[in-house]
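Have a look at the structure below, then the notes.
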4 protein chains.
Amino acid sequence: MSTPKERIIATTFELFAKQGYNSTGINQIVAEANVAKASFYQYFKSKEDLCVEFLNVRHDYWFNELNRFVSKEKDMKLKLISCFDFLIEMNQKENFRGCSFLNILSEIPMDNVKILSVIQNHKKDLRNYFSELIKDSGLSDHIYLLFESSIIESQLFRSNELIEKSKKIIINLIK
Amino acid sequence: MSTPKERIIATTFELFAKQGYNSTGINQIVAEANVAKASFYQYFKSKEDLCVEFLNVRHDYWFNELNRFVSKEKDMKLKLISCFDFLIEMNQKENFRGCSFLNILSEIPMDNVKILSVIQNHKKDLRNYFSELIKDSGLSDHIYLLFESSIIESQLFRSNELIEKSKKIIINLIK
Amino acid sequence: MSTPKERIIATTFELFAKQGYNSTGINQIVAEANVAKASFYQYFKSKEDLCVEFLNVRHDYWFNELNRFVSKEKDMKLKLISCFDFLIEMNQKENFRGCSFLNILSEIPMDNVKILSVIQNHKKDLRNYFSELIKDSGLSDHIYLLFESSIIESQLFRSNELIEKSKKIIINLIK
Amino acid sequence: MSTPKERIIATTFELFAKQGYNSTGINQIVAEANVAKASFYQYFKSKEDLCVEFLNVRHDYWFNELNRFVSKEKDMKLKLISCFDFLIEMNQKENFRGCSFLNILSEIPMDNVKILSVIQNHKKDLRNYFSELIKDSGLSDHIYLLFESSIIESQLFRSNELIEKSKKIIINLIK
DNA sequence: TATGAATGAGCTTTCATTCAT
DNA sequence: GATGAATGAAAGCTCATTCAT
């Protein structure tokens with residue numbers, strides 16, 4: 001089939017994204033991954049550890065998908081709009097579950113530096129992504145901020161309305 | 001001293017804002033509120049119920065504080081900037097704990113309509129708040145979106161940097 | 001409306017018969033009887049006390065209904081059969097909930113003499129009832145035993161089959 | 001010593017028979033079985049589950065004991081009487097605790113089909129037991145009914161009087 | 001490497017009862 | 001006579017983790 005570690009990660013990927021961090025127990029993970037409890041703790045010394053791994057995997061997955069999606073466009077401005085369309089696609093695929101990183105940010109104690117820094121790095125990379133795309137740091141941060149609220153508002157209202165609104169705002173900003 | 005119900009709500013207010021919903025147990029609440037466990041369940045039929053009550057109290061508190069803070073300014077544009085300064089004040093007061101409503105949004109199962117709708121209503125009110133302040137629905141939504149990301153990014157990075165950046169963006173937008 | 005005590009007894013009558021003793025909490029009783037908790041404990045010093053009262057009320061109710069039903073027949077043998085038809089009527093009315101007395105017997109600790117003796121007296125009265133109807137103590141006990149199992153088996157299988165069988169047996173016995 | 005599961009079942013066997021279902025808490029079971037609470041829930045997914053297991057174990061135990069006891073007699077009629085003597089032995093051994101199956105029948109909500117059907121099957125087996133012993137279905141049901149009331153009445157009055165009476169009745173029936 | 005068995009501490013919730021007025 | 005407020009104890013159950021092999 002595959003190695004236990006792979007199965008754990010695949011299962012975690014699905015469950016954390018779907019149910020969130022705190023609502024997903026180790027029991028459920030090992031059960032659905034068909035792995036012994038002790039095997040789990042061979043690869044991950046704690047649930048926190050698994051969380052870090054999950055966030056790393058998610059980071060790679062998410063940026064890959066984004067790049068795949070955006071690379072269809074050649075023009076910078078179209079690429080930009082395409083980023084927001086990517087959110088719409090993700091909302092449909094994942095049923096408006098929002099951003100895994102921000103979700104977990106709300107679920108961990110404030111002093112959990114280990115996880116916090118992984119989340120921060122993800123968002124720094126995203127901010128950089130826009131900055132490299134746009135080459136105007138004032139504008140790129142502006143768009144980064146609209147991108148962030150687009151994710152959250154669409155999660156909150158289970159609707160892409162404010163993503164569409166953001167797209168219109170941006171079109172005006174960069175015309 | 002005060003009534004048990006008052007003590008429960010006060011303690012909950014503090015603990016939910018500080019630690020989040022899932023990390024705060026009924027045990028801790030009743031212990032710190034000096035209330036018998038059964039007394040708790042006389043006033044709140046479930047933890048979910050308490051959550052709704054908390055969100056309502058928080059809603060009133062938050063908008064009161066916002067209004068108090070913003071009313072110092074008379075000019076609309078200054079009022080607008082003042083909203084973002086309010087975030088800075090709150091971050092200092094509450095140690096960058098972010099938005100209670102969005103935090104709880106991440107902690108509940110997606111199908112918890114009862115809590116979800118309370119959160120949605122809070123944000124609708126906020127969106128209206130800007131809309132009434134600005135009287136230009138395109139612009140007001142734009143600012144609402146920047147406001148939302150300002151909260152989240154400052155929570156994530158424990159820094160007011162992007163709040164300040166938003167202020168600058170807005171000053172440019174409305175000049 | 002009526003006095004609190006009456007409402008408590010009426011509600012208890014319904015709930016104990018429907019749900020059983022242990023599954024019916026004081027909370028539910030006072031809630032459905034629209035009575036304050038403390039009022040309850042003014043009339044009944046404990047749940048056990050209420051149980052005794054319930055059994056007494058039930059005793060009167062049950063024998064009254066039995067007599068009313070059986071008195072339609074004049075002939076002793078027909079009266080006897082009528083007793084078993086009464087069970088069928090009760091099963092329909094109370095949805096095969098069986099004998100309140102035997103049900104509570106199973107729910108109390110073995111050393112609860114207070115309740116136990118009330119139950120014993122009820123069944124002694126029933127045994128006497130048959131004995132006075134039949135005037136042949138060997139036969140009357142025989143029928144009492146068939147009557148008892150008729151209640152229980154019909155409760156267990158939610159069916160009157162074995163009541164009907166008992167009737168046939170008895171018709172053969174007394175012909 | 002023995003495995004936790006074995007100790008749980010042994011303890012449950014004792015406590016359910018002695019105190020009944022509702023009066024026996026998981027806490028007491030795990031305490032007396034010297035087992036961690038979480039271990040309990042590794043083997044039984046709920047108390048209801050444990051109840052089913054208990055009834056199955058009890059079913060086997062009870063019929064084994066009955067067969068052991070009855071097999072001392074060779075003649076069918078003596079075997080029959082022996083069944084009732086078995087009740088007397090059980091009453092002495094278990095201090096008139098009655099039938100575990102009928103006791104639990106009184107303690108569960110009427111719509112608990114899972115437990116109900118286990119109880120029904122036990123009694124169906126008993127009814128069959130008599131039917132195979134006697135080969136006269138009219139008579140065997142008659143005796144089954146007397147057997148059932150014998151258990152209950154002896155439980156209620158903590159006395160074997162009505163068991164003895166049943167024996168006499170039966171001797172007359174089959175002579 | 002891989003595992004099934006076992007766990008202590010904690011969860012949310014409900015029980016029958018008493019207090020103060 | 002009547003009540004709303006408050007309670008200690010216990011209920012059934014789940015958590016992340018570790019042990020022994």
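For the numbers below, each heavy atom of this structure counts, side chains included, while hydrogens, waters and symmetry mates do not.
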Under 4.0 Å: is that the gap between some side-chain N or O of Gln42(D) and OP1 or OP2 of dA6(E)?
no
Looking at Tyr41(C), I'd like to know if the NZ or CZ of Lys47(C) sits under 6.0 Å from its six-membered ring centre while staying within 45 degrees of the ring's axis.
no
To the nearest Å, how far apart are Ile26(A) CD1 and dA6(E) C1'?
17 Å
Please state whether the phosphate of dC15(F), meaning OP1 or OP2, lies under 4.0 angstrom from any side-chain nitrogen or oxygen of Tyr41(D).
no
Going by salt bridge (Lys or Arg N to Asp or Glu O under 4.0 Å), Arg58(A) matches just one of Glu14(A), Glu53(A), Glu94(A). Which one?
Glu94(A)
Report the distance from atom CG of Asp49(B) to atom P of dT13(E), rounded to the nearest whole Å.
10 Å
Could you state the NZ-C1' distance from Lys37(B) to dA5(F), rounded to the nearest angstrom?
19 Å
Let me know the distance between CD1 of Ile8(A) and P of dA2(E), rounded to the nearest Å.
10 Å
Using only side-chain N and O atoms of Asn27(D), determine if any of them is under 4.0 Å from OP1 or OP2 of dA10(F).
no
Would you say Ser39(C) places a side-chain N or O within less than 4.0 Å of OP1 or OP2 belonging to dT3(F)?
yes
By the Watson-Crick or G-U definition, both distances under 3.5 Å, dC11(E) is matched with dG12(F)
Could you tell me if the ring centre of Phe157(A) sits under 6.0 Å from that of Phe96(A)?
no
Measure from the ring center of Tyr21(D) to the ring center of Phe54(D) and say whether it is less than 6.0 Å.
no
Can you tell me the pairing partner of dA20(F) across any strand shown, Watson-Crick or G-U wobble, with both distances under 3.5 angstrom?
dT3(E)
Please give, in whole Å, the distance from dT14(E) C1' to Asn22(C) CG?
13 Å
Take the protein atom NZ of Lys47(C) and the nucleotide atom P of dA10(F), then report the distance between them rounded to whole Å.
17 Å
Closest of dC19(E), dA6(E), dC15(F) to the Tyr43(D) side chain is dA6(E)
